[in-house]
Amino acid sequence: MATAEHHVGHHSVTGIDNRKLLMWIFLGSECLFFGALISTYLIFKADIPAPPISFIEAHTHVENGHEVVTGWFPVDRVIDDVYINEDGTFREVEFAGVLDIPITSQSTFVLLMSSVTMVLAVYGAQHGRLLSMKVWLLATILLGLIFLGYQVYEFRLFGSEGLTLETNQFGASFFVLTGFHGTHVFVGVLILASLLLASFRRSGLGPEAGFHVETAGLYWHFVDIVWIVIFTIIYLIPA
Amino acid sequence: MATVAGTMAAPTAEGVVWSWLTTVDHKRIGVLYGVSAFIFFLIGGVEALLIRAQLAVPNGGVIDPELYNQLFTMHALTMIFLAVMPLGAAFFNFMIPLMIGARDVAFPRLNALSYWIFLAGGLVLTSSFFLGGAPDTGWFAYAPISGGTYSGSGMDYYVIGLLILGLSSLAAALNFAVTIINMRAPGLTMMRMPIFVWMTLIVAFLLILALPVLTVALVQLLFDRQFTTSFFLPSGGGDPILWQHLFWIFGHPEVYILILPAMGIVSEVLPTFSRKPLFGYAAMVFAGVAIGFLGWAVWSHHMFTTGLGAVPRVVFATSTMIIGVPTGIKIFNWLSTMWGGSIRFTTAMYFSVSFIALFTIGGISGVMHASPPVDQQQQDTYFIVAHLHYVLVGGAIVGIFSGLYYWWPKMTGRFLSETLGKWNFWLMFIGLNMTFFPMHFLGVAGMPRRIYTYDEGLGWEFWNMFASVGALILAVGVLVFVINVARTMRQPKTAGDNPWDGSTLEWATSSPPPEHDFDAIPEVRARDPLWYDRDHGLSQPEGDPDEHIHMPPPSYYPLILALGVLMLGVGPLSHLAVTALGVPVIIYAIWGWVLEPTE
């Protein structure tokens, strides 16, 4: 008996698969999510007040032969009207910015390279080169993990210099924004690791392997692009 | 059906309870949404009645001030997030696939997940009453009152509850956006879609874009309360106005999220009962889209008294007045639809016609406080309470009741009693006008919102008592609806496929519809497809008895995943170990979900 099968959920007026369309619209939602976090960062960045004297006294270090205060401002700064000496005169205070552009440029490069390996994994999946797909998926996962390693290092470094969530609005908005981005990278790693794991089953990723990897890739590239915006705004545009 | 290693067998749906717990049928999920939301609507109504009892006489002492603060906060949260939004979702779920000629939504299991997460969020929010006190800051939770210094654990329930509910709405909105864009029947082009479908699509995109902003605001509030940041606390260098901006960037689109479904319902009811196609279809669509766009450009009119400066005030006053234009276009198109029509005054029609009048009153008072100097007089007075209740009760709730009477035969196969329906209508209509119209007078007479009580001799006694009596009449009206439903469900199914002679596709299938909605996918040849067929002697395609219609099987995973999300949320409210336990539950549910065969 010839039965005409009609499957719910496989119909598409636009020709775009429902699942891919969902991913695109979801990424639109994510734009507003990061938009709100970035706006918060920018609002506070413009006006970070000078620290209380107790903070200055607690975080003064000697670097290259002179005293600097760490862990308060994103970039280097000199302020001459916050610290009053015992004789009533002001002391000039030098602040060393917490942001380390060379190190974060390295981690940015790592994340950008992960987009390249992601493209190669999608190419492998779509053209039936399953070994190549697995290798490049693994490479993408590793690059994502290295990026997260840099982030953990950076967070700990900033913390040791005195900048935490509670320190000031720069700390709060910086850690929440980059923390949520890191969480997104981590979720991406989980997705790619799930795909890689599933690809070792006997049935592999099934006939739609190319589609699955491509849709995961959409998310991965989005998270990369958001990082480019965050990197530019936090690190490259001077205060 | 073979099970894949690591997944549960698909539920076989033997028992009634399990078949509802594991259902992925959009109609059943619609019923679940509708019943849950109506129960929350009754809870919100009881909260309102307690408020009116307290305010009925000067120096009243029915409830204590702390409970009063919790009640007005929870009344708003319950009505907005647990009643009006999910009642809209109930209609989206039940009607959208039918109206676009599809057999289900694009993602049936995601649809079930939305419902279960909604229920979890509703329970978290409401349980706060019994677990240390409900949120008591007003629904918009302005800083610094919402901070740890001035508010108790109720605010944590607020943050967690709204985060969970946001997840539910986001999942549902993504699902309906994809469904409407991708699952329409052949011939159903965008400019042939019923207006209700259009309004649903706009609401979906408003949710998709507005919810993440609320999420960020809530997360920052959570950090302020739990991790000693100071995003919104001036004592720590933060900015309380930032909360207001983030909240209202979500909050004003939210207003249209609440009203557009009702506008969609009215746009279906009026043509059917006027026996005339909707007047100015294209203008109606573009007016809806324009409201969706402009809804993003008016949020600061909630903040005219915060000292925004001259330029923002002028800009937001202007954009607020402009948004009245597409709204006005809709009102005139509804009136023109009835003009010269052959009108049948059913209960659904009563509600829709009164929607136009009541929404116009609320709309006009809205344009009044678009003007900053006027707004500065009205801010935080009962005038605002009158305005927003005309829009939300006279608009959204009345529209929803219209939809209930209109689609009840389609959903159940039974008619609601028209006699009780008219009682229902008149009691609600008189009650809500008695309750909310005098609030205009009270507001102009200087009565502030959210006050616990007031003294004698301020000239507020009469209208407060009047409003409280009105609230009681409104409640009796809702009670008549409950009686009507209870009586109807014992009647035989006599509705037939198309009892009202409607023009849209949901009327082309049986009442109630079969599980697969349509025996054959309908064909759409014009804007009012069933009227076009009728007038041109055409008919919809017959089902092929040999066709095997494959419907998605029920699934446990939406329920399990929602449970995981609930555990994630309950952790910060009880013990973080619950959150830690929730993570493996979520991972297990996602893996099972992905590997579960749906063919």
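Lettering follows sequence order; numbering is per chain, from 1.
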| query | Looking at side-chain heavy atoms only, is the closest gap between L197(A) and W591(B) below 4.5 Å? | reply | yes
| query | Does the side chain of L242(B) reach to within under 4.5 Å of the side chain of F44(A), using non-hydrogen atoms? | reply | yes
For the [atom1] atom of [X] and the [atom2] atom of [Y], what is their distance to the nearest 0.5 Å?
| X | Y | atom1 | atom2 | answer |
| --- | --- | --- | --- | --- |
| F250(B) | L32(A) | CZ | CG | 12.5 Å |
| N182(B) | I16(A) | CG | CD1 | 7.0 Å |
| I208(B) | F26(A) | CD1 | CZ | 10.5 Å |

| side-chain contact (heavy atoms from CB on, under 4.5 Å) assessment of F34(A) paired with V216(B) | CA-CA 8 Å; F34(A) 282 106; V216(B) 167; over 6 Å; no
Side chain / backbone / both / neither for [X] at chain A, heavy atoms under 4.5 Å:
| X | answer |
| --- | --- |
| L214(B) | neither |
| D239(B) | both |
| V219(B) | side chain |
| L110(B) | side chain |
| F223(B) | side chain |
| L174(B) | both |

Just wondering, are more than 12 heavy atoms of other shown residues or ligands nearer than 6.0 Å to [atom1] in [X]?
| X | atom1 | value |
| --- | --- | --- |
| F90(A) | CZ | yes |
| F55(A) | CZ | yes |
| F227(B) | CZ | yes |

| query | Of the listed residues (T167(A), L22(A), T14(A)), which shares the most heavy-atom pairs with chain B below a 4.5 Å separation? | reply | L22(A)
| Sequence neighbours excluded, which residues qualify as ring pair (Phe, Tyr, Trp, His ring centres under 6.0 Å) partners of H252(B)? | Y256(B), H301(B), H302(B)
| task | Sort by residue number and list every member of residues 172-180 of chain A having a non-hydrogen atom under 4.5 Å from chain B. | result | A172(A), S173(A), V176(A), F180(A)
Do you know which two heavy atoms are closest between [X] and [Y], and how far apart they sit?
| X | Y | answer |
| --- | --- | --- |
| G28(A) | L209(B) | O-CD2, 3.9 Å |
| E166(A) | T228(B) | CG-OG1, 2.7 Å |
| N18(A) | F107(B) | O-CZ, 3.4 Å |

| Test salt bridge (charged side-chain N to carboxylate O under 4.0 Å, His left out) applied to R19(A) - qualifying residues, sequence neighbours left out | D17(A), E208(A)
| note | Cut-off 4.5 Å, heavy atoms of chain B, and the answer for Q169(A) is side chain
| Where on I43(A) is there a heavy atom nearer than 4.5 Å to chain B: the side chain, the backbone, both, or neither? | side chain
| query | Which pairs count as side-chain hydrogen bond (donor to acceptor under 3.5 Å, both in side chains) when at least one residue sits in residues 20-44 of chain A, sequence neighbours excluded? | reply | K20(A)-E214(A), E30(A)-H184(A), T40(A)-Q220(B)
| request: Check step by step if side-chain contact (heavy atoms from CB on, under 4.5 Å) holds for H212(A) and V594(B). | output: CA-CA 11 Å; H212(A) 292 311; V594(B) 172; over 6 Å; no
| Among I587(B), I181(B), D224(B), L246(B), which has the most heavy-atom pairs under 4.5 Å with chain A? | I181(B)
